[in-house]
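Data block below; observations after.
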Amino acid sequence: MKIGIFGSEFKADKLPVVAGLFNKLNSLGAEIYIQSLYYEFLVSHYNFFPINSGLLYGEVKNLDIVLSVGGDGTFLRTALQLNKESIPILGINIGRLGFLADVSSAQIDDALDEIFRGEYHIEERSLLRMFTEERAFGGFNYALNEIAVLKRETSSMITIHTYLNDEYLTSYLADGLVISTPTGSTAYSMSVNGPILLPQNNNFTLSPVAPHSLTVRPIVIPDDFIIMLKVESRTNSFLVSLDGRSEDLPVGITLKIRKADFVTRIIKRFNQSFYKTLREKLMWGKDARS
């Protein structure tokens with residue numbers, strides 16, 4: 001099995017976990033390919049030279065699966081680097097919350113054994129794509145979690161004129177607007193009181209950030225709708241963030257957002273469900289008194 005390893009920087013106390021991951025893959029006879037920047041980090045910071053069959057530069061192709069070693073931010077960057085390739089990703093959490101990277105350090109060996117036995121399933125997750133009149137984000141205007149339109153740090157509120165399928169919806173007077181996928185409904189969207197969607201939902205959400213009016217609430221829309229935004233700002237610019245990648249854009253341009261024409265494929269263990277993740281990660285049903 002050809003396996004790609006993507007990761008991010010980590011503290012020294014996590015090195016035994018990472019070394020154990022490579023040892024386990026070698027014991028399973030995996031053909032290991034490591035993202036070049038991650039390999040350079042392992043060598044330069046910890047003098048760790050994992051056995052590999054090659055390094056990954058630029059485009060990633062011809063792999064059976066990819067392991068994302070880190071937290072949810074690492075997972076999002078891994079998904080971005082895979083671009084439109086349909087290679088499934090397993091998220092291994094050596095960070096904090098780990099909603100996308102939901103295999104803990106203690107579960108690595110069991111999870112890899114299951115994968116090599118073919119005992120797993122794949123969830124397909126929708127992405128958002130943003131269109132602008134001018135080239136932005138290096139031409140890769142996709143987001144797995146969310147697209148956020150936000151005011152600049154020092155500016156007053158912005159006005160976001162919003163249309164769905166060319167029909168006027170409303171003008172949000174707010175600090176921003178978060179357009180979220182079901183995957184991103186437990187991320188930034190949730191922090192601004194957006195609804196949680198199951199991964200299987202064919203919907204997107206629009207959630208205002210600190211709206212001027214208390215009557216403005218998040219809305220759920222079908223994921224085949226086309227969202228059009230026009231922004232007014234006193235500073236003549238505003239911020240657009242795609243899964244944490246941010247750029248300033250000038251007032252006057254039109255943003256069009258719609259469902260991407262490809263999906264991100266995520267490996268899930270048979271014993272790991274979305275409801276279980278909600279209970280474990282968000283403490284659903286926990287009684288603080290007990």
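Of the possible polar contacts, none joining the E167 side chain to the L164 backbone as a donor-acceptor pair under 3.5 Å is found. Between the side chain of Y168 and the backbone N or O of S171 there is at least one donor-acceptor pair closer than 3.5 Å. At least one donor-acceptor pair closer than 3.5 Å links the side chain of N201 to the backbone N or O of L198. The closest donor-acceptor contact from the side chain of D64 to the backbone of M1 lies at 3.5 Å or more, if one exists at all. When atom types are taken as modelled, the side chain of D72 and the backbone of A101 share a donor-acceptor pair closer than 3.5 angstrom. In terms of modelled atom types and a separation under 3.5 Å, the side chain of S185 and the main chain of L197 share a donor-acceptor contact. With hydrogens and angles disregarded, no donor-acceptor distance shorter than 3.5 Å links the side chain of T170 to the backbone of Y172.
Between F270 and H121 the shortest side-chain heavy-atom distance falls below 4.5 Å. Counting heavy atoms from C-beta outward, D113 and I115 have side chains that stay 4.5 Å or more apart. Side chains of L112 and L28 form a contact here, defined as non-hydrogen atoms less than 4.5 Å apart. Using a 4.5 Å cut-off on side-chain heavy atoms (C-beta onward), E146 and D243 make contact. The shortest side-chain heavy-atom distance between I94 and K14 falls under the 4.5 Å cut-off. Taking 4.5 Å as the limit, every side-chain heavy atom of M130 sits out of range of all side-chain heavy atoms of K256. Side chains of R125 and L144 form a contact here, defined as non-hydrogen atoms less than 4.5 Å apart. Looking at F22 and N52, their side chains never come closer than 4.5 Å, going by heavy atoms from C-beta outward.
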Identify all side-chain donor-acceptor contacts of residues 209-223 below 3.5 Å with residues at least two apart in sequence or on another chain.
{"from": "S213", "atom 1": "OG", "to": "T215", "atom 2": "N", "distance (Å)": "3.2"}
{"from": "S213", "atom 1": "OG", "to": "T215", "atom 2": "OG1", "distance (Å)": "2.8"}
{"from": "R217", "atom 1": "NH1", "to": "L214", "atom 2": "O", "distance (Å)": "2.6"}
{"from": "R217", "atom 1": "NH2", "to": "L214", "atom 2": "O", "distance (Å)": "3.3"}
{"from": "D223", "atom 1": "OD2", "to": "K259", "atom 2": "NZ", "distance (Å)": "3.3"}

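Contact check on K61 versus E85 returns a salt bridge, with a Lys/Arg side-chain nitrogen under 4.0 Å from an Asp/Glu carboxylate oxygen.
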Stepwise side-chain contact (heavy atoms from CB on, under 4.5 Å) test for I87 and I89: CA-CA 7 Å; I87 304 169; I89 309 170; 6.0 Å; no
Derivation and outcome, side-chain hydrogen bond (donor to acceptor under 3.5 Å, both in side chains), residues S237 and R152: CA-CA 8 Å; S237 67; R152 300 280 301 277; 2.7 Å; yes
Full working for side-chain contact (heavy atoms from CB on, under 4.5 Å) between Y46 and V18: CA-CA 11 Å; Y46 298 117; V18 174; over 6 Å; no
side-chain hydrogen bond (donor to acceptor under 3.5 Å, both in side chains) between Y33 and E31, intermediate numbers included: CA-CA 7 Å; Y33 296 84; E31 195 173 326; 2.3 Å; yes
side-chain contact (heavy atoms from CB on, under 4.5 Å) between I179 and L128, intermediate numbers included: CA-CA 9 Å; I179 298 96; L128 292 161; 4.0 Å; yes
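Of the N and O atoms on the side chains of H45 and E9, not one donor lies less than 3.5 Å from an acceptor on the other residue. Side-chain atoms of Q272 and T277 form a donor-acceptor pair, as typed in the model, at a separation below 3.5 Å.
In this structure S8 satisfies the side chain to side chain donor-acceptor pair (under 3.5 Å) test together with T74, sequence neighbours excluded.
Atom CD1 in I227 sits 9.0 Å away from atom CG in N165 (nearest 0.5 Å). The CD atom of Q35 sits 5.5 Å away from atom CZ of F6, with the distance rounded to the nearest 0.5 Å. To the nearest 0.5 Å, the span separating CG on L42 from CZ on F49 amounts to 10.0 Å. Here CG of D102 is found 10.5 Å from CD1 of I92. Values are rounded to the nearest 0.5 Å.
Hydrophobic clustering of Ile, Leu, Val, Met, Phe, Trp and Tyr side chains at less than 4.5 Å, counting indirect connections, keeps I65 apart from L76. Under the 4.5 Å side-chain heavy-atom criterion for Ile, Leu, Val, Met, Phe, Trp and Tyr, I257 and I160 are members of the same hydrophobic cluster. Cluster membership check: L177 does not share its hydrophobic cluster with F131, using side-chain heavy-atom separations under 4.5 Å among Ile, Leu, Val, Met, Phe, Trp and Tyr.
For R258, the CZ atom counts as loosely surrounded, since its 6.0 Å shell holds 12 or fewer non-hydrogen atoms of other residues, nucleotides or ligands.
Among all heavy-atom pairs drawn from S189 and G184, the shortest one is CB-O, 3.8 Å. Taking every heavy atom of both residues into account, Y57 and L55 meet most closely at OH-CD1, 3.5 Å.
When each of V231, L229, L255 is paired with T162, the side-chain contact (heavy atoms from CB on, under 4.5 Å) condition holds for L229 and for no other.
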